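Just below is one structure, and these are the notes that go with it.
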Amino acid sequence: MEEHYVLCEGEKLCFSLPPGWKVLSAEDKPFIPGVKDFLAEIKHALDNPIGSPKLEEIARPGMEVALLFDDLQRPTPVNLVIPEMLNRLNRAGIPDDRVWAVCAIGTHPVYSREELEKKVGPEVASRLKERLVSHDPYSPENVVIGKTHRGTLVEINPYVAFADLVIAVGECMPHPCAGFGGGFKIVLPGVASYRSVAEHHFTWMRHRKSRVNILDGNPWYEEIVDAGQISRLSFKIDCIINEKKEIIKAFAGEPFAEHREASRYAASLYYVPLPKVADVTIIAAYPLEIGVQATKALTMAGFCTRAGGTIIWVAPQKESGPLMPLVRHMSSSETASDFHRRLIRGEIPDDLKSFGISFIMQIVYFKELAEKFNVIHVTEGLAPEVVRMMKFTHATSLPEAIDMAAIKLPRADAAIFPAGGNIIPGIV
């Protein structure tokens, strides 16, 4: 009998399938090593911009510049990228004291000076001093600059709204709703107000085309592009980064154009084709196994499993504390649609108001998954009663989960994703 595996905390968990199960795919995407010289890759991207003149050719003496960068949840090496961008601005006649660097935290808690310095490193902190700031999604100083074509309010950080030149650095990776992260996402949600992010995210989160690996026709993505262009973001560098936090490749230039190139490249690394939707999907959260990050694999499994099918989700959940507020709401009798409508009305439960909007959205997605699929969660970190609160079935081992699934599905087409945290499943 053929043996398969998934990865859990970097170790292989081996298993066999029931004789009536046929494998659609068990492809494990190989580890992609980073480039040897990160700074050389950054300089190469900045020297060869896509759809744009070089940064130093766009900048003009006297300009006030807003330089946006992503937060600590993302591994982008801004400590290397920002100094190189500042040097190029200097050569164009813009000294450091004309630059405000804004951490694009979205709707997460505002960063302290210590957190900002941890992200950017000592050189940037000393060069920019008090001009290194965190975005505040609740600030009354945020500025309404317009609406998208579909009517989403665009209210953004004042340093961005009033800058002469807006530039940014971030990361491009598969994203469950936006198709791919990076690009104009640094503006919305990055430096947008809480109400702008809530209006956008809660409106488009359940559209069938708001999903991974789709850009054209994806309203979530298209609204972000619209908001980013209204904000006048004119130059961006996006890095593609592996699980060891190494740069694989960097793309720079006009934000729409460079992001399209970066997304195409990311898709080539992470896309796993399937000939049809699976009856059973076995997916490991690895390498994104901590807290809410572990849910990304489960979301991906939902894209390639038939309604009424089974998802076996393997995640250690050793740091499960951040999940508990989600679990409490998932245990309620409220349907996914009922909870979603509550969010649309602005009735966010008090115990969730301190969390980012993307976190709150997970409750809707989890309820939807529990309504649509039979989810068996293989985990040591969560007690069986906690998994039951999530409306999922608990299993202590992968063979146990497979035996459970085989009772209902003695014959099945199965998809296996050994490292599901970074894959893009697609039906061809």
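All values below were derived from every heavy atom in this structure, side-chain atoms included, with hydrogens, water molecules and symmetry-related copies excluded. Computed from a predicted model, the values in this text were never measured in an experiment.
- Contact between Ala315 and Ala285 at its shortest, heavy atoms only, is CB-CB, 3.8 Å.
- Between Arg195 and Glu155, the closest heavy-atom pair is NE-OE1, 2.7 Å.
- Using a 4.5 Å cut-off on side-chain heavy atoms (C-beta onward), Thr310 and Ile312 make contact.
- A salt bridge is defined here as a Lys NZ or Arg NE, NH1 or NH2 lying under 4.0 Å from an Asp or Glu carboxylate O, and Lys119 with Asp70 meets this definition.
- The aromatic rings of His259 and Tyr221 sit parallel to each other, their planes meeting at less than 30°, with 60° as the upper class boundary.
- Panel note: side chain His135, backbone Ala192; a donor-acceptor pair is recorded below 3.5 Å.
- A donor-acceptor pair under 3.5 Å is absent between the side-chain atoms of Arg342 and the main chain of Ser337, judged by distance alone.
- Residues Arg113 and Ser134 have side chains that never bring a donor and an acceptor to within less than 3.5 angstrom of each other.
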| field | Derivation and outcome, salt bridge (charged side-chain N to carboxylate O under 4.0 Å, His left out), residues Arg206 and Glu368 | value | CA-CA 10 Å; Arg206 297 179 82 192; Glu368 197 174 81; 2.7 Å; yes
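- In this structure, the side chain of Glu371 engages the main chain of Ala336 through a donor-acceptor pair within 3.5 Å.
- No donor-acceptor pair closer than 3.5 Å links the side chain of Arg211 to the backbone N or O of Pro176.
- The shortest non-hydrogen separation linking Ala163 to Val166 is CB-CG2, 4.1 Å.
- Within the 4.5 Å cutoff, side-chain heavy atoms of Val110 are placed close to those of Ile105.
- In this structure, CD1 in Ile32 is found 6.0 Å from CD1 in Ile248, a value given to the nearest 0.5 Å.
- Inter-residue side-chain proximity for Pro158 and Asn142 is flagged as met; some heavy-atom pair is nearer than 4.5 Å.
- Salt bridge Glu115/Lys118: absent, no basic N to carboxylate O contact under 4.0 Å.
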| Can you list the steps and then say if Glu27 with Lys29 is a salt bridge (charged side-chain N to carboxylate O under 4.0 Å, His left out)? | CA-CA 6 Å; Glu27 184 179 351; Lys29 301 301 282 187; 3.3 Å; yes
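- A donor-acceptor contact shorter than 3.5 Å links the side chain of Tyr365 to the backbone of Met205.
- With hydrogens and angles left out, the side-chain atoms of His377 and Gln317 include a donor and acceptor closer than 3.5 Å.
- Within 6.0 Å of atom NZ in Lys43, 12 or fewer heavy atoms from other residues, nucleotides or ligands are found, so the atom counts as exposed in its surroundings.
- From Leu55, atom CG reaches atom CG of Leu46 across 7.0 Å, with rounding to the nearest 0.5 Å.
- Annotation: Phe392 is in aromatic contact with Phe366 [ring centroid separation under 6.0 Å].
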| request: Show your working on side-chain contact (heavy atoms from CB on, under 4.5 Å) between Thr335 and His340 and close with a plain yes or no. | output: CA-CA 8 Å; Thr335 66; His340 184 204; over 6 Å; no
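- The two residues Ala266 and Phe180 come nearest to each other via the heavy atoms CB-CE2, 3.9 Å.
- Seen from the ring of Phe251, Lys236 does not count as a face-on cation partner, given the 6.0 Å and 45° thresholds.
- Considering only heavy atoms from C-beta on, Cys304 stays 4.5 Å or farther from Val277 through its side chain.
- No donor-acceptor pair under 3.5 Å is formed between the side chain of His200 and the backbone N or O of Val197.
- Counted by atom type alone, Glu254 and Ser52 present zero donor-acceptor pairs between their side chains at under 3.5 Å.
- Contact check for Ile376 versus Trp313: no side-chain heavy atoms found under the 4.5 Å cut-off.
- Inter-residue side-chain proximity for Phe69 and Ile82 is flagged as met; some heavy-atom pair is nearer than 4.5 Å.
- At distances below 3.5 Å, not a single donor-acceptor pair connects side-chain atoms of Glu56 with backbone N or O atoms of Arg91.
- Proximity of a side-chain donor or acceptor of His394 to a complementary backbone N or O of Thr379 within less than 3.5 Å is detected.
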| Test log, rule salt bridge (charged side-chain N to carboxylate O under 4.0 Å, His left out), inputs Glu84 and Arg88 | CA-CA 6 Å; Glu84 184 59 28; Arg88 289 169 186 248; 2.9 Å; yes
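- Side-chain contact check for Asn90 and Arg127: at least one donor-acceptor pair (N or O, by modelled atom type) lies under 3.5 Å.
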| task | Evaluate the criterion side-chain contact (heavy atoms from CB on, under 4.5 Å) for residue pair Thr305 and Lys372; output intermediate values, then yes/no. | result | CA-CA 10 Å; Thr305 310; Lys372 191 174 179 182; over 6 Å; no
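- Judged by the 6.0 Å and 45° rule, Arg150 forms a cation-pi pair with Trp204.
- For the 3.5 Å distance criterion, the side chains of Glu400 and Thr396 qualify, holding a donor opposite an acceptor.
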| request: Show the numbers, then the answer: is there a side chain to side chain donor-acceptor pair (under 3.5 Å) between Thr148 and Glu223? | output: CA-CA 7 Å; Thr148 65; Glu223 285 288 89; 2.7 Å; yes
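- The residues Lys318 and Glu289 are annotated as not salt-bridged, no charged nitrogen and carboxylate oxygen being separated by less than 4.0 angstrom.
- The main-chain N or O of Cys177 is never found under 3.5 Å from a side-chain atom of Ser210 such that the two would form a donor-acceptor pair.
- Smallest separation of non-hydrogen atoms from Glu246 and Gly34: OE1-N, 3.0 Å.
- To the nearest 0.5 Å, atoms NE2 (His175) and CG (Asn213) are separated by 13.5 Å.
- Here the straight-line distance linking atom OG1 of Thr152 with atom CG of Asp226 works out to 8.0 Å at 0.5 Å rounding.
- With values rounded to the nearest 0.5 angstrom, Leu269 atom CG is found 14.0 Å from Arg264 atom CZ.
- Within the 4.5 Å cutoff, the side chain of Val154 has no heavy atoms near those of the Val187 side chain.
- Across every non-hydrogen atom of Ile58 and Pro53, the tightest pair is CD1-O, 3.8 Å.
- Here OG1 of Thr393 is found 12.0 Å from CD1 of Ile311. Values are rounded to the nearest 0.5 Å.
- Side-chain atoms of Asp28 and Tyr5 form a donor-acceptor pair, as typed in the model, at a separation below 3.5 Å.
- Contact of the Glu64 side chain with the Phe162 side chain is not registered, since no non-hydrogen atoms from C-beta on lie closer than 4.5 Å.
- Checked by atom type and distance alone, the side chain of Ser126 pairs as donor or acceptor with a backbone atom of Glu123 at under 3.5 Å.
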